[in-house]
Every structure is written in C-alpha cells, then in structure tokens.
Amino acid sequence: MNQPVFEKDPSSPDRKTINPLLKLVLELGPLMVFFFANTRGEWLVEQYPALAGFGGPIFVATGLFMIATAISLVVSWVLTRTLPIMPLVSGVVVFVFGALTLWLQNDVFIKMKPTIVNGLFASVLLGGLFFGKSLLGYVFDSAFKLDAEGWRKLTLRWGLFFVFLALVNEVVWRSFSTDFWIAFKVWGIMPMTILFTMTQMPMIMRHTIEEKTSADETS
C-alpha cells in the first residue's frame with residue numbers, strides 16, 4: 001500500500017504526529033532565521049562571502065528564509081514521511097515570492113508574502129466551513145481533541161484572525177520601513193497570535209472531548 005504524500009485527516013487513527021514543541025520549532029524556525037539574517041546581514045556576508053550574491057541584508061534574509069523553509073519541510077518529511085498541509089502551502093508561497101524578490105531585487109514581493117499566505121489560509125478555512133469541513137484540525141490536532149462544534153467554532157475564529165493578519169501586514173509594510181516590518185513580524189505578530197490563542201482556551205476547554213466524556217460518566 002502506497003504511503004500518502006500529504007498528512008492524513010486529523011481523525012485518522014494511524015496518522016503520524018511529532019512532538020508539539022518540535023512542530024513549533026519547525027514552523028517558527030524559518031521566521032527567526034529571516035529576522036536574524038536581516039539584522040545581522042552585513043556580519044553574515046563578512047563571515048560567508050558567498051552570501052553576497054544574494055544582495056543586501058533583506059535579500060540575504062530572503063535567501064536564508066527559503067533555505068530554512070526547505071529544511072523544515074524536509075525534516076517534517078523525514079520524521080513522518082508526509083508533508084504538513086499548512087506549512088507546505090506557506091512554503092510554496094515563500095519559494096515563489098522569495099524567488100521573485102531575489103531575481104528582481106525588489107523586496108515588495110517578500111513583504112507581500114504574509115498577506116498572500118494569511119489570505120490563502122483564511123480562504124481555505126472559511127471556504128472549508130462553507131462546505132462543512134473544519135480544516136483547522138490539521139494544525140492543532142496534536143494539541144487539542146475537540147468535538148465537531150468546537151472545531152467549527154475554532155476554525156471560524158482562526159479564519160477571521162487570518163483575515164486580520166493579512167490586513168495588518170498590508171498596513172505595516174506599506175506605512176513603515178523594512179526593518180520595522182521585519183521586527184513587527186517577530187515581536188508584533190507572534191505576541192498577537194499567542195494572545196489570540198490564549199483567548200480561545202475557554203471555548204476549547206468547553207469542547208474538549210475528554211472533559212465531555214468525564215462529565216457524562218459522573219452524571
């Protein structure tokens with residue numbers, strides 16, 4: 001029987017998962033590489049002259065971002081023999097817009113990447129709900145076990161949050177400097193995402209399957 005290329009449905013009993021902390025590192029690692037390479041671009045070029053071929057710091061950061069994203073996907077494949085859907089979609093956009101950024105030496109393309117990715121995620125999640133599918137389980141299935149209503153609510157809220165992130169990215173990159181935009185991606189978007197996730201915990205707890213089961217047993 002052929003092994004599927006993409007990760008299985010969250011409800012599949014034989015779906016392979018990886019440690020949640022490692023999963024977080026694989027998903028956020030490329031972004032941290034991007035931030036570090038932009039802030040220390042000149043130093044990196046001094047240490048590794050071959051990087052000068054990319055261009056200025058933002059282009060060095062873009063090239064290393066693409067490499068780190070590829071490594072993250074390869075590690076996920078080695079560990080699970082499948083490709084994670086959401087990081088893969090983000091990775092494809094990174095490769096396309098990163099290549100355009102390096103080829104044309106125009107950082108507008110890489111700045112538009114979060115808008116495209118967040119808009120795409122919002123479309124996928126909200127579109128999935130339109131067809132009766134709560135697709136957020138592909139992202140959080142290793143962390144939460146929710147009933148159908150819980151996944152539906154969480155998918156809707158994250159879909160709207162991705163719309164918000166896309167709009168915020170457009171405002172920031174068009175209104176501020178490149179350095180501010182990159183810093184905001186790390187020190188603005190990440191805290192907002194963590195805060196948003198924490199605000200969803202009461203709803204998540206109400207729809208956790210284990211809690212419902214325990215409540216049924218005691219009643």
Side-chain angles (χ1 to χ4, degrees), residues 1 3-29 31 72-73 76-77 79-93 113-171 185 188-219:
M1 187 175 180
Q3 175 73 18
V5 175
F6 303 107
E7 61 184 340
K8 293 184 178 181
D9 186 271
S11 61
S12 177
D14 58 344
R15 185 185 186 205
K16 293 183 179 179
T17 59
I18 59 178
N19 182 281
L21 181 59
L22 177 58
K23 185 175 182 179
L24 183 66
V25 170
L26 291 175
E27 293 179 357
L28 295 184
L31 179 60
S72 175
L73 290 173
S76 294
W77 170 263
L79 294 176
T80 65
R81 293 299 174 183
T82 58
L83 292 174
I85 300 297
M86 301 293 261
L88 179 61
V89 171
S90 179
V92 169
V93 178
K113 191 276 290 186
T115 301
I116 301 299
V117 170
N118 288 318
L120 185 58
F121 285 170
S123 300
V124 169
L125 294 179
L126 299 178
L129 285 178
F130 181 79
F131 290 101
K133 300 291 185 180
S134 300
L135 301 177
L136 199 67
Y138 282 103
V139 181
F140 290 139
D141 68 293
S142 61
F144 309 118
K145 301 298 179 184
L146 308 182
D147 59 25
E149 180 66 12
W151 281 125
R152 188 192 68 78
K153 290 180 179 179
L154 197 61
T155 297
L156 174 62
R157 295 179 184 186
W158 271 98
L160 296 176
F161 184 64
F162 280 129
V163 172
F164 168 75
L165 292 181
L167 294 175
V168 167
N169 184 70
E170 282 297 294
V171 170
K185 276 172 62 66
I189 296 298
M190 288 176 62
M192 283 194 299
T193 302
I194 293 172
L195 179 62
F196 173 79
T197 302
M198 292 176 62
T199 63
Q200 304 310 303
M201 291 309 297
M203 185 275 293
I204 289 173
M205 296 301 293
R206 287 196 301 271
H207 290 277
T208 298
I209 293 175
E210 289 78 5
E211 287 196 351
K212 281 196 162 188
T213 302
S214 300
D216 292 339
E217 292 176 350
T218 57
S219 59

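The first residue in the sequence is number 1, and the count goes up from there. Since the model is a prediction, treat every value here as computed from it, not as a measurement.
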Rounded to the nearest 0.5 Å, what separation is found between the [atom1] atom of [X] and the [atom2] atom of [Y]?
X: Thr197; Y: Phe161; atom1: OG1; atom2: CZ; answer: 7.0 Å
X: Lys153; Y: Leu129; atom1: NZ; atom2: CG; answer: 13.0 Å
X: Ile204; Y: Met201; atom1: CD1; atom2: CE; answer: 5.0 Å
X: Leu31; Y: Met190; atom1: CG; atom2: CE; answer: 6.5 Å
X: Glu149; Y: Arg206; atom1: CD; atom2: CZ; answer: 10.5 Å
X: Leu125; Y: Thr155; atom1: CG; atom2: OG1; answer: 6.0 Å

Chi angles and distances behind the side-chain contact (heavy atoms from CB on, under 4.5 Å) call for Asn118, Val168: CA-CA 10 Å; Asn118 288 318; Val168 167; over 6 Å; no
Please find the pair of heavy atoms, one from [X] and one from [Y], that lie closest to each other, and give the distance.
X: Val163; Y: Ala122; answer: CG2-CB, 3.6 Å
X: Phe164; Y: Met192; answer: CE2-SD, 4.1 Å
X: Lys113; Y: Ser90; answer: NZ-OG, 4.2 Å
X: Pro114; Y: Lys185; answer: CG-NZ, 3.6 Å

Donor-acceptor pair, side chain of Ser72 and main chain of Leu26, under 3.5 angstrom: yes
Parallel, tilted or perpendicular: rings of Phe162 and Trp158 (30°, 60°): tilted
